[in-house]
Amino acid sequence: MTSCAYQAGTAREIQTIRQTEGDDWLEFEQKVNKIYQDSQGRTDLLAIAKSVYRQPIKTPLSEVYDMTFNACVKLTQGTAESA
């Protein structure tokens, strides 16, 4: 659950940045690729960000957090649609 809370918090922060800076997906991805070296951390960050960018930009931060947390929990429990 700690991992899910971390992922959800990261998603919320990405949405905050997105709403503040107005980046589209390609701009955000380019910024992340410039800042972080190629690693599992960068891959994970981009995976979380991609799920955020699939939502409308006006999606409230609390909804982004809840959706990410719930999706993570379902995946962890093996109840996600793709499981």
Side-chain angles (χ1 to χ4, degrees):
M1 292 298 177
T2 302
S3 175
C4 291
Y6 178 79
Q7 289 179 36
T10 300
R12 182 178 50 214
E13 291 304 313
I14 291 167
Q15 182 69 343
T16 299
I17 292 166
R18 180 181 180 206
Q19 290 176 342
T20 302
E21 297 183 14
D23 292 344
D24 65 20
W25 167 245
L26 291 176
E27 291 170 322
F28 183 84
E29 183 181 36
Q30 288 174 355
K31 286 180 182 179
V32 169
N33 285 333
K34 284 181 185 178
I35 295 170
Y36 299 101
Q37 65 183 7
D38 188 14
S39 66
Q40 186 62 48
R42 182 174 82 180
T43 300
D44 293 345
L45 176 61
L46 289 173
I48 294 167
K50 196 167 199 173
S51 70
V52 171
Y53 274 82
R54 288 185 180 135
Q55 305 304 317
I57 194 167
K58 293 186 185 236
T59 304
L61 300 177
S62 60
E63 283 186 35
V64 169
Y65 182 95
D66 291 344
M67 286 186 289
T68 305
F69 184 83
N70 292 334
C72 177
V73 169
K74 284 181 180 179
L75 188 63
T76 300
Q77 295 174 342
T79 57
E81 290 181 17
S82 63

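The CD atom of Glu21 lies 4.0 Å from the NZ atom of Lys31; values are rounded to the nearest 0.5 Å. Residue Gln7 holds its CD atom at 4.5 Å from CD1 of Ile48, rounded to the nearest 0.5 Å.
Residues Gln19 and Leu61 are in side-chain contact: their nearest non-hydrogen atoms beyond the backbone lie under 4.5 Å apart. Here the side chains of Leu26 and Glu29 are in contact, with some heavy-atom distance below 4.5 Å. In this structure, Leu45 and Ile14 have side chains that are in contact, with non-hydrogen atoms separated by less than 4.5 Å. Here the side chains of Leu46 and Asn33 are in contact, with some heavy-atom distance below 4.5 Å.
For the ring-ring contact (aromatic ring centres under 6.0 Å, His included) condition, the pairs that include at least one residue of residues 2-26, sequence neighbours left out, are Trp25-Tyr53.
Clustering ILVMFWY residues whenever any of their side-chain heavy atoms sit less than 4.5 angstrom apart, transitively, puts Tyr36 in the very cluster that holds Phe28.
At least one donor-acceptor pair closer than 3.5 Å links the side chain of Glu27 to the backbone N or O of Asp24.
With hydrogens and angles left out, the side-chain atoms of Arg12 and Gln15 include no donor and acceptor closer than 3.5 Å.
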